[in-house]
Number of protein chains: 2
Amino acid sequence: MVTITIKDVAALAGVSVATTSRVLSGNPATSADARSRVHAAAAELDYHPNAQARALRSTRTHAIGLLVPDVRNPFFADLAHTVEQAALVHGFATLLGNANERKDQQDRYLDNLIARRVDGIIVAPLGDGSGSIRSVVGREIPAVFIDRTIEGIDLPSVTTDSDTGIREAVDHLAALGHTRIGYIAGPQSTSTGRERYASFVRAAGDRGLSLDPALIVFGDFQAESGSTAVRTLLALNEPPTALLVADSPMAIGAIGAIQRLGLRIGTDVALVSFDDIDWLALLDPPVSVIAHSVADMGRIAVDMLRTVIDGGAPESVRLPSRLIVRASSATPIDPGRSR
Amino acid sequence: MVTITIKDVAALAGVSVATTSRVLSGNPATSADARSRVHAAAAELDYHPNAQARALRSTRTHAIGLLVPDVRNPFFADLAHTVEQAALVHGFATLLGNANERKDQQDRYLDNLIARRVDGIIVAPLGDGSGSIRSVVGREIPAVFIDRTIEGIDLPSVTTDSDTGIREAVDHLAALGHTRIGYIAGPQSTSTGRERYASFVRAAGDRGLSLDPALIVFGDFQAESGSTAVRTLLALNEPPTALLVADSPMAIGAIGAIQRLGLRIGTDVALVSFDDIDWLALLDPPVSVIAHSVADMGRIAVDMLRTVIDGGAPESVRLPSRLIVRASSATPIDPGRSR
DNA sequence: CATCAGCTTGGAAACGTTTCCACTTAACGC
DNA sequence: GCGTTAAGTGGAAACGTTTCCAAGCTGATG
C-alpha cells in the first residue's frame with residue numbers, strides 16, 4: 001500500500017506542514033500562492049488525508065453510525081437509504097451496522113461505533129437497556145432512537161404512533177364482519193412489538209372482538225416466523241377469518257404459507273400488514289397495509305441527531321400511521337362459510 | 001462526551017501504559033497479576049480503546065468497506081447481509097456505503113473509505129474506470145469486485161455468468177411459442193447491464209427470434225424505469241408476447257405497470273425476471289426467475305478480499321445462474337390471440 | 001522614522017495508541 | 001557463586017494530523 005502523507009505534499013509544494021494543513025482544511029489564513037501550490041501538489045500526489053489522524057487530533061470524525069435490526073427488511077433498507085442521503089447532505093458519512101435482530105450483534109456494532117468515535121449514533125434498538133447501549137448513554141455520546149425505543153433509556157426518539165393505524169385496521173375488519181382476528185405479533189423484546197400488541201388488544205377489546213389468546217401468536221419480525229404463525233393459527237378449531245401482521249417480512253412468510261395451504265388471501269382469509277412496501281401493493285390481491293412515512297422518519301432522525309451533536313436537546317417526535325385499504329381485506333365475511 | 005484513555009486505565013491498575021496496552025491487545029508477554037488488574041480497571045472505567053489512535057499506530061483498522069449501488073434493491077440488501085456476516089466471523093466490521101446508482105456518490109464513498117484506511121474494499125461498481133476507483137488501484141488498497149466489474153481495472157472479482165441462465169430463459173420462452181421477446185435491459189454503464197444485454201441478443205439470435213430493436217428498452221436498474229419500459233413496449237404496433245427483465249426492481253415496476261394496464265402476467269404477457277427474490281415467488285402468478293447464489297457470492301468475496309489483504313492474488317470466480325420456471329412464463333402462447 | 005496592526009508562515013506540541021529498546025529480576029545450569 | 005537466559009516491565013518514539021504560539025513581513029499610521 002502506497003502511503004502519502006501531508007509531509008510529502010508540503011515538501012512538493014515547498015511550504016510547511018502547518019500551511020499545508022491550513023490550505024487543505026480550508027483555513028482562511030493562507031495566501032493565494034500557497035493555496036494554489038498546495039492544491040497542485042495534493043492533486044499530483046493523489047493525496048488522501050488520513051481520517052484517523054485527523055479525527056484523533058480534532059475529535060470530529062464527520063461520521064454517524066446507523067444501527068438497524070435487519071437490512072433485509074425493506075422497511076429498514078428504505079430507512080437506511082433515507083438516513084444516509086440526509087446525512088450526506090450535511091457532510092456526514094454513514095456507517096451502517098446490521099444487528100440481525102440479535103442483541104449480541106447489536107452490542108458488537110455499538111462497541112465498534114464507540115471505538116470509532118463516530119460523532120453520533122442513530123439506532124433502532126432491540127433488547128432491554130443492558131449491554132453497550134449503557135456505554136453510549138454513560139459516555140454521553142450523541143444518540144437518537146429511530147422507530148423503536150428502550151424503556152428506561154432516556155434518548156430523543158422518532159417513532160410511529162401505531163395506535164391510530166391499528167385501530168383503523170381493526171375497525172375496518174370488524175365492519176366487514178370479522179369477529180375473530182388473528183394477530184401475528186412482533187417480539188415483545190422490542191418496543192414496536194409491545195406497542196403494536198397492546199394497541200391491537202385494546203382496539204379489539206373496544207370493538208368487542210374475540211380476545212381468545214390462541215388468536216395471538218408471537219413471531220420474531222422475520223419471514224419464517226410468519227409462516228409458522230399462519231400454520232398454527234389456521235390449524236385452530238376455530239381459526240381466525242382475518243389476520244393482522246406486525247411487519248412486512250412476517251407478512252411475506254404468512255402469505256407464502258397461506259398459498260401453500262391452497263388458500264387465497266382476501267377471499268379465504270383477510271390480511272392486513274404493517275409497513276407500506278412496494279411489492280405488497282403488487283400482490284394479487286394487493287395487500288392492505290398500515291403505512292408510516294419512512295422518508296420523514298429518516299430525515300427527522302438526522303436533524304435530531306445534529307441538534308444533539310450541537311449540544312441541543314430535541315423533543316421526541318411521534319409520526320402518525322394510517323390504514324391503506326386494498327383488496328386483501330375488502331371482501332365482507334361470508335357468514336355461511338365454514339372450514 | 002466523557003473520554004477515558006489508556007492512561008486512566010494504567011493509573012487505576014497501577015501499571016505502565018505499555019503494560020496496559022499489552023494486556024488489552026492480548027500480547028502474551030504479561031503477568032497474570034497485570035492481566036487481572038488491567039482487566040478489572042478497564043471494566044470499572046468502561047474503557048473503549050480509541051480505534052483511530054490504534055489504527056494510526058498499527059495501520060490496521062479491522063474494517064472493510066462494502067459499496068453497493070442500491071441498498072433498496074433486495075439483491076444488494078441480501079448481499080450486504082451475507083458479506084457483513086462473513087466479515088464479522090473474521091473479525092472485520094463492515095462499513096456499508098450506498099452509491100445510489102450514481103457515480104458521484106460512489107466516488108464520494110470510495111474517497112471516504114480510503115481516508116478511513118479500511119483494510120480492504122468490496123465494491124459492486126458502476127461507471128467506467130475513472131474517478132476514485134483509480135486511487136484505490138493506484139494506492140494498491142486491497143479490493144475486489146462483486147457482482148459487477150469495470151473493464152480495464154484489474155481486480156479479482158466474483159460475478160455471475162448470466163449467459164447460461166439467460167439462454168435457458170430464452171430457450172424456454174421460445175419453446176412456448178414466443179417469437180417476439182421484449183428485453184428490459186440494465187444500464188450499459190454497468191458490466192452486468194452490458195453482459196446480460198449481449199447474452200440476450202446472442203441467445204435470441206441463435207434461436208432465430210426477432211431482433212427488432214424496438215423490443216429492447218434500456219432502464220437504469222430501478223423500479224420506475226421498469227414501468228416506463230413496459231408502457232413503451234406494450235404500446236408497439238407489434239408488442240412482445242414475453243418480457244425478460246434484467247433485475248428485480250425493474251421487474252417490480254414492470255409488473256405494476258402491466259397490472260395498471262389491466263393485463264395479467266403469465267396469461268397476457270409472459271415474464272421472467274433476474275434475481276431470485278422471496279416475494280417474486282409469492283406473486284400471483286409466481287414469477288419465473290434467473291437465480292444466482294447471493295450467499296456464495298458474499299462469502300467468496302470476503303474470502304478473496306482476505307487473501308488479497310494477506311498479500312495473495314486470488315483467481316476471479318464466476319458463479320453459475322439458472323432458470324427457475326414458475327407460472328408467470330408457463331403458459332404456451334395462444335396463436336389465435338391478437339391485441 | 002519608529003510603531004503598530006494585520007496577514008501569513010513555520011516550529012512544535014498534542015491527540016491516544018502500539019511497539020522498540022533497555023532494564024530489572026528471578027531462575028537456571030555449571 | 002557466577003554467568004546466562006527468560007520473563008516481565010516502563011520510558012519514549014512513532015503514527016499523521018491540527019492547532020497553539022511566536023515570529024517575520026508588509027504597509028499604514030502618528
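These numbers come from a predicted model, not from an experiment. No hydrogens, no waters, no symmetry mates; every other heavy atom, side chains included, goes into these values. Chain letters run A, B, ... following the sequence lines, proteins first, then strands; residues in each count from 1.
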Tell me: [atom1] of [X] to [atom2] of [N], nearest whole Å?
X: A:Gln52; N: D:dC15; atom1: CD; atom2: C1'; result: 10 Å
X: A:Arg35; N: C:dC7; atom1: CZ; atom2: P; result: 13 Å
X: B:Arg60; N: C:dG16; atom1: CZ; atom2: P; result: 25 Å
X: B:Lys7; N: D:dG10; atom1: NZ; atom2: C1'; result: 14 Å
X: B:Ile4; N: C:dG16; atom1: CD1; atom2: P; result: 12 Å
X: A:Asn27; N: C:dT8; atom1: CG; atom2: P; result: 10 Å
X: B:Leu56; N: D:dG16; atom1: CG; atom2: C1'; result: 5 Å
X: A:Arg117; N: C:dC15; atom1: CZ; atom2: P; result: 14 Å

query: When you measure from the side chain of A:Ser25, which nucleotide among D:dG16, C:dT18, D:dT18 comes out closest?
result: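 Of D:dG16, C:dT18, D:dT18, D:dT18 is nearest to the side chain of A:Ser25.
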- prompt: Out of C:dG10, C:dG16, D:dG10, which nucleotide sits closest to the side chain of A:Thr19?
  reply: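 Selected nucleotide: C:dG10.
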message: For a quick check under 3.5 Å, do A:Arg117 and A:Thr61 share a side-chain donor-acceptor pair by atom type?
response: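 Looking only at side-chain atoms, A:Thr61 and A:Arg117 do not form any donor-acceptor pair under 3.5 Å.
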query: Any side-chain donor-acceptor pair under 3.5 Å between B:Thr19 and B:Ser16?
result: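 Yes, B:Ser16 and B:Thr19 have a side-chain donor paired with an acceptor closer than 3.5 Å.
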Have a look at [X] and say if it touches a base, only the backbone sugar-phosphate, or nothing, with a 4.0 Å heavy-atom cut-off.
X: A:Ala34; answer: sugar-phosphate
X: B:Val15; answer: sugar-phosphate
X: B:Thr30; answer: sugar-phosphate

query: With distance as the sole test, does A:Glu151 use its side chain to make a donor-acceptor pair with the main-chain N or O of A:Thr149 at under 3.5 Å?
result: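 Flag not set: sc A:Glu151 to bb A:Thr149 has no pair under 3.5 Å.
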With a 4.0 Å limit, can you tell me whether [X] has a side-chain N or O closer than that to the phosphate oxygens OP1/OP2 of [N]?
X: B:Ser21; N: C:dT18; result: yes
X: B:Thr5; N: C:dG16; result: no
X: A:Tyr47; N: D:dG16; result: no
X: B:Arg54; N: C:dT18; result: yes
X: B:Ser31; N: D:dG8; result: no

query: Which comes earlier along DNA chain D counting from the 5' end, the contact point of B:Gly14 or that of B:Ser58, where each point is its nearest nucleotide?
result: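 Its nearest nucleotide lies further toward 5', so the answer is B:Gly14.
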- prompt: If you pin B:Ala29 and B:Thr59 to their nearest nucleotides in DNA chain D, which one's is more 5'?
  reply: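 Whichever sits nearer the 5' end wins; that is B:Ala29.
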- prompt: Is there a donor and acceptor pair closer than 3.5 Å between the side chain of B:Arg22 and the base of D:dG10?
  reply: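 Present.
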- request: Could you tell me whether the side chain of B:Arg57 has a donor or acceptor atom within less than 3.5 Å of a complementary atom in the base of C:dT18?
  value: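 Pair found.
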query: Mapping A:Asp33 and B:Leu24 onto DNA chain C by nearest heavy atom, which one lands closer to the 5' end?
result: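 On the 5' side of the pair lies A:Asp33.
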message: Any salt bridge linking B:Glu101 with B:Arg148? Criterion: basic side-chain nitrogen under 4.0 Å from a carboxylate oxygen.
response: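 Here B:Glu101 pairs with B:Arg148 in a salt bridge, since their nearest N and O are under 4.0 Å apart.
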task: Taking only Lys NZ, Arg NE, NH1 and NH2, and the carboxylate oxygens of Asp or Glu, determine whether B:Lys103 and B:Asp107 approach each other closer than 4.0 Å.
output: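 Yes.
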- prompt: Can you list the steps and then say if A:His81 with B:Asp70 is a side chain to side chain donor-acceptor pair (under 3.5 Å)?
  reply: CA-CA 8 Å; A:His81 176 256; B:Asp70 180 9; 5.6 Å; no
